[in-house]
Colleague: 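Before I ask anything, let me first share the structure, which is written out below as structure tokens.
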Amino acid sequence: DFVKRYIVPHVMPAQLAATVDSTLPPIALHYRPSPAAALDGEEALAREIERGSAAEQRAGRPLAGAQRDEVELLWGGRPAREVASAGERKTIGLLLLAAQARRLQAAVREPILLVDDADAELDPARLERLFAGFDALSRLVVTSNRPELWRFAERLLPVDVRELSR
């Protein structure tokens, strides 16, 4: 119940994807708690934990719990890890980062994002559309070895590492 009410609705890569790049297939998060009874509320979760405690003691390690939860990303209705190319996985990662940053900005304060090699596996047009998802953020540091790709990022301050002094 906690996850359904507080976590999943606030991680919005699908909504963000639709606004920054309408050519992308639908993106969805599929959350699988361990144990599955966690979705049925606190009482069901407590019963399941109690039921498995003897097995955990015998095993000497936790067999269920948040450390075993899984979040699967679906890309066009299929597991992203099976069907997405390297560029598509990079796209998904940047969308998740932008969605998480927006959530943090709304709930707490704006985070500082450090994005290394943001342009890897992405063409300039896709990169430009994706970075529209970061427009609301002012504390963003992005590295690239292809400065020509940043022509669209008017509010970024380019820094050539050859010009930096020690």
Side-chain angles (χ1 to χ4, degrees), residues 1-42 44-45 47-49 51-52 55-56 59-107 111-137 140-150 152-153:
D1 187 47
F2 174 81
V3 170
K4 281 194 241 179
R5 286 181 35 211
Y6 297 105
I7 297 176
V8 174
H10 298 294
V11 180
M12 307 167 289
Q15 293 89 336
L16 188 58
T19 63
V20 300
D21 191 345
S22 61
T23 66
L24 298 174
I27 299 171
L29 294 173
H30 185 227
Y31 174 69
R32 287 188 299 269
S34 172
L39 292 176
D40 298 327
E42 289 181 38
L45 176 59
R47 282 193 303 274
E48 190 66 28
I49 289 173
R51 185 176 17 249
E56 285 185 339
R61 61 185 172 86
L63 301 175
Q67 76 281 4
R68 295 193 174 268
D69 289 359
E70 291 185 21
V71 176
E72 182 174 48
L73 290 161
L74 301 178
W75 180 253
R78 300 185 55 208
R81 71 175 143 230
E82 295 173 8
V83 298
S85 68
E88 290 167 337
R89 287 191 304 269
K90 180 70 148 208
T91 296
I92 293 168
L94 288 171
L95 286 169
L96 284 169
L97 179 63
Q100 182 182 28
R102 286 178 173 204
R103 175 63 185 141
L104 287 170
Q105 183 179 38
I112 298 173
L113 298 180
L114 306 173
V115 185
D116 186 31
D117 247 352
D119 60 324
E121 294 98 19
L122 297 175
D123 62 81
R126 166 79 37 97
L127 190 63
E128 183 173 359
R129 289 191 306 268
L130 281 174
F131 266 86
F134 292 90
D135 278 350
L137 304 168
L140 176 65
V141 177
V142 181
T143 67
S144 171
N145 63 355
R146 295 170 28 199
E148 71 277 6
L149 294 180
W150 301 105
F152 63 84

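None of these values were measured; they are calculated from a predicted model.
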Colleague: With a 4.5 Å heavy-atom cut-off, do L24 and L95 have their side chains touching?
Modeller: yes
Colleague: Once you round to the nearest 0.5 Å, how far does CD of E121 lie from OG of S85?
Modeller: 8.5 Å
Colleague: Looking at every non-hydrogen atom in both residues, tell me the closest pair between A101 and L137 and how far apart they are.
Modeller: CB-CD1, 3.5 Å
Colleague: Can you find a heavy atom in the side chain of T91 that is under 4.5 Å from one in the side chain of R89?
Modeller: no
Colleague: Evaluate the side-chain proximity of V115 to L97: yes if any heavy-atom separation is below 4.5 Å, no if none is.
Modeller: yes
Colleague: How about L73 and L96: do any of their side-chain heavy atoms sit closer than 4.5 Å?
Modeller: yes
Colleague: If every non-hydrogen atom of A64 is compared with every non-hydrogen atom of E56, which pair is closest and at what distance?
Modeller: N-OE2, 3.2 Å
Colleague: Considering residues at least two apart in sequence or located in another chain, which fulfil the side chain to side chain donor-acceptor pair (under 3.5 Å) criterion with R32?
Modeller: H30, E70, E72
Colleague: Where is the tightest heavy-atom contact between P33 and L39, given as atom of each residue plus distance?
Modeller: CG-CG, 3.6 Å
Colleague: Ignoring hydrogens, what is the shortest heavy-atom contact between L94 and F134? Give both atom names and the distance.
Modeller: O-CZ, 3.5 Å
Colleague: Test your reading of the model: is there a side-chain donor-acceptor pair from R126 to the backbone of E88, 3.5 Å cut-off?
Modeller: no
Colleague: Measure the CZ-CD1 distance between R81 and I92 for me, rounded to the nearest 0.5 Å.
Modeller: 11.5 Å
Colleague: Which pair of heavy atoms, one from A44 and one from D40, lies closest together, and at what distance?
Modeller: CB-CB, 3.7 Å
Colleague: Check Q67 against P62 and note the closest heavy-atom contact, atom names and distance.
Modeller: NE2-CB, 3.1 Å
Colleague: Can you sort out the partners of E48 under salt bridge (Lys or Arg N to Asp or Glu O under 4.0 Å), two or more places apart, ordered by chain and number?
Modeller: R51
Colleague: Heavy atoms, side chains only, cut-off 4.5 Å: are L122 and L130 in contact?
Modeller: yes
